[in-house]
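Worth saying up front: this structure is predicted, and the values here are computed from it rather than measured. Labels below follow one simple rule: chain letters A, B, ... track the order of the sequence lines, proteins then strands, and each chain is numbered from 1.
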2 protein chains.
Amino acid sequence: MHKIILYTCSMANQQLIKGSLSTIVLHLLQSAGEMYGYEITQKVKQLTSDEIKLTEGALYPTLHKLEAEGTLTTESRKVDGRVRKYYRLTEDGKKATAERMEELEAFLLNMQRVLGLNIKLSS
Amino acid sequence: MHKIILYTCSMANQQLIKGSLSTIVLHLLQSAGEMYGYEITQKVKQLTSDEIKLTEGALYPTLHKLEAEGTLTTESRKVDGRVRKYYRLTEDGKKATAERMEELEAFLLNMQRVLGLNIKLSS
DNA sequence: ATCTTATGCATAAGAAAATTATGTATAAAA
DNA sequence: TTTTATACATAATTTTCTTATGCATAAGAT
C-alpha cells in the first residue's frame, strides 16, 4: 500500500552541475563514439557512484537542442524489442566539444583562483 | 555619437558558474570577514583576470536571499559620501559555508571522474 | 498469471537562477 | 559638464533544471 521512496542523494551537489550538463554529454559522446540517452544517464550514475543523477527531463531536452543546433546526429535502432536513439557528434560537434572542454578547464582554473583551491589539471 | 562596446569575454565560461555563485560569495566572505556587494564583483573580476564577471542582477538577489535565510547579516555604512552595505557570515553561515565547500569539492571530483580529468585538490 | 522493476523514449508544468535592462544616487575624472 | 567609477536595487525575460506524467516493451519476482 505504502510506497516508500528513499532519496539518498548528495543534494546541493546536484545544482552545481547546472551549466555543465551539455559539456558532460558532449565529452561522453566523444569518448564513446555513440551513445543513447538512457545509456548516458547510467554512465554518469556509474562514474559518480550514484552521486550525480541526470534526470531525463534535463537530458532529453539537452540532447534535442544539441541535435537542432547541428552538434549531434541521431540514428534509431531496435535492440531487444526496444527502440534506442543513438547520438553521435557531427564534425561541427567535435569542434564544439573541444571548445567546451577548454572553457571548462578555464572555468576550473578560475574556480581555483577565486576559491583559493589548488587544482592541477592533467589531460 | 556611436558608442562602441567591446565584449571580450570568455562567454560560455560564464554559464558554467551557474549554481556555484553563492558558494563563491560565501567563500569570499569567509576569507575577508566582511565585504560589500560592489567589492565582491571587483574581487571576482580581479581574481579571474576579467574572465568571470558577476553581474549585479545575479549578485544582489543572491545576497538578499542568503540574508533572508540567516546565512548573512548586513551593516550599512557611509564611506566617502556613499552608502556601502557590508555583508558578514553568521554562525550558521560559517557552517553552511563549510558544507558548501565540501559539496563543491565533491562536485569537482565527480567532474574529474565523468570527464576523465585528473584534478588534484589540496586545501 | 500478474505485478514490479528495468529499460527506453518524450513532454509539460513549475521553480530556480541567471541575463539584460533599467533606475536612483554620489564622487571623481576628463 | 559630461563621462566614468562607485554603490545600491529591482523588474522583465530567458535559460535551464526539477518534478510529474505519459507511453511502451522486456525481464524478473510473487
Side-chain angles (χ1 to χ4, degrees), chain A residues 1-7 9-25 34-46 52-69 74-87 107, chain B residues 1-5 7 9-25 34-46 52-69 72 74-87 107:
Chain A
M1 324 296 159
H2 279 294
K3 189 176 279 189
I4 298 172
I5 301 172
L6 295 176
Y7 291 96
C9 76
S10 45
M11 293 308 295
N13 196 323
Q14 287 297 92
Q15 76 170 351
L16 289 169
I17 216 179
K18 281 170 191 274
S20 51
L21 196 159
S22 58
T23 305
I24 289 173
V25 168
E34 64 173 12
M35 294 179 89
Y36 55 98
Y38 185 74
E39 187 183 7
I40 294 174
T41 66
Q42 298 307 301
K43 185 70 179 171
V44 170
K45 205 178 160 186
Q46 171 230 315
I52 292 181
K53 288 168 192 166
L54 293 197
T55 59
E56 294 163 307
L59 178 63
Y60 289 117
T62 296
L63 287 170
H64 298 164
K65 194 187 171 193
L66 290 169
E67 187 185 3
E69 285 170 7
T74 63
E75 189 188 326
S76 292
R77 287 180 225 149
K78 199 164 194 176
V79 180
D80 296 329
R82 272 187 292 261
V83 173
R84 292 178 182 169
K85 196 165 167 185
Y86 283 90
Y87 289 85
F107 168 72
Chain B
M1 325 296 158
H2 278 292
K3 189 176 280 188
I4 298 172
I5 302 173
Y7 292 96
C9 73
S10 45
M11 292 308 296
N13 195 323
Q14 287 297 93
Q15 78 170 351
L16 288 168
I17 215 180
K18 281 168 190 275
S20 52
L21 195 158
S22 59
T23 305
I24 289 173
V25 168
E34 63 173 13
M35 294 179 88
Y36 55 99
Y38 185 74
E39 187 183 7
I40 294 173
T41 65
Q42 298 307 301
K43 186 70 179 172
V44 170
K45 204 178 160 187
Q46 171 230 315
I52 293 181
K53 287 168 192 167
L54 294 197
T55 60
E56 296 162 308
L59 179 64
Y60 288 118
T62 295
L63 287 170
H64 298 164
K65 193 187 172 193
L66 289 169
E67 188 185 3
E69 284 170 9
L72 303 178
T74 62
E75 192 189 324
S76 293
R77 289 180 224 148
K78 198 163 194 175
V79 181
D80 296 328
R82 272 186 294 259
V83 173
R84 291 177 182 171
K85 197 165 167 186
Y86 283 90
Y87 289 85
F107 168 72

With the threshold set at under 4.0 Å for non-hydrogen atoms, list the residues of residues 77-84 of chain B touching DNA chain D in residue-number order. B:Arg82, B:Val83, B:Arg84
Closer to the 5' end of DNA chain D via nearest nucleotide, is it B:Lys85 or B:Gln42? B:Gln42
Just how far, in rounded Å, is C1' of D:dC8 from OH of B:Tyr86? 13 Å
Step-by-step side-chain contact (heavy atoms from CB on, under 4.5 Å) determination, B:Leu63 to B:Thr74: CA-CA 10 Å; B:Leu63 287 170; B:Thr74 62; over 6 Å; no
Rounded interatomic separation in angstrom, taking CG from B:Leu21 and P from D:dT15: 19 Å
Rounded interatomic separation in angstrom, taking OH from A:Tyr36 and C1' from C:dC9: 12 Å
Starting from the first five and the last five pairs of the helix from C:dA1-D:dT30 to C:dA30-D:dT1, work out the angle between the resulting helix axes, to 10 degrees. 10°
Find the distance A:Leu59:CG to D:dT15:P and express it as a whole number of Å. 20 Å
d(CD, A:Glu34; P, C:dG8) in whole Å: 14 Å
From CG (A:Leu54) to CD (A:Gln42), nearest 0.5 Å: 10.0 Å
Find every protein N or O atom lying less than 3.5 Å from an N or O atom of nucleotides 10-12 of chain D, and list the pairs.
from: D:dT10; atom 1: OP2; to: B:His64; atom 2: ND1; distance (Å): 3.4

Atom NZ of A:Lys43 and atom C1' of C:dG8: how far apart are they, to the nearest Å? 19 Å
Determine: side-chain N/O of B:Lys65 to OP1/OP2 of C:dA16, distance under 4.0 Å, yes or no. no
Say you draw a straight line from CG of B:Leu72 to CG of B:Leu66; how long is it, rounded to the nearest 0.5 Å? 5.0 Å
It should be established whether A:Tyr38 places a side-chain nitrogen or oxygen under 4.0 Å from OP1 or OP2 of nucleotide C:dA6. no
As an exercise, state the distance from OG1 of A:Thr41 to NZ of A:Lys53, rounded to the nearest 0.5 Å. 11.5 Å
Shortest non-hydrogen contact from B:Gly37 to B:Leu59? O-CD2, 3.3 Å
Sugar-phosphate, base or nothing in reach of B:Thr62, heavy atoms under 4.0 Å: sugar-phosphate
Just distance, no hydrogens or angles: give the donor-acceptor pairs under 3.5 Å from side chains in residues 79-86 of chain B, sequence neighbours left out.
from: B:Arg84; atom 1: NE; to: B:Tyr36; atom 2: OH; distance (Å): 3.4
from: B:Arg84; atom 1: NH1; to: B:Tyr86; atom 2: OH; distance (Å): 3.1
from: B:Arg84; atom 1: NH2; to: B:Tyr36; atom 2: OH; distance (Å): 3.4

What is the distance, to the nearest angstrom, from the CE atom on B:Met35 to the C1' atom on D:dT6? 15 Å
B:Glu75: what forms a salt bridge (Lys or Arg N to Asp or Glu O under 4.0 Å) with it, not counting sequence neighbours? B:Arg77
Short N/O separations, protein against nucleotides 13-15 of chain C, under 3.5 angstrom:
none

Starting from C1' on C:dC9, measure out to CD1 on A:Ile40 and report it in whole angstrom. 13 Å
Could you walk me through whether B:Tyr87 and B:Met35 satisfy the side-chain contact (heavy atoms from CB on, under 4.5 Å) test, starting with their C-alpha distance in whole Å, then the side-chain angles of each, then the deciding distance to 0.1 Å, before giving a yes or no? CA-CA 5 Å; B:Tyr87 289 85; B:Met35 294 179 88; over 6 Å; no
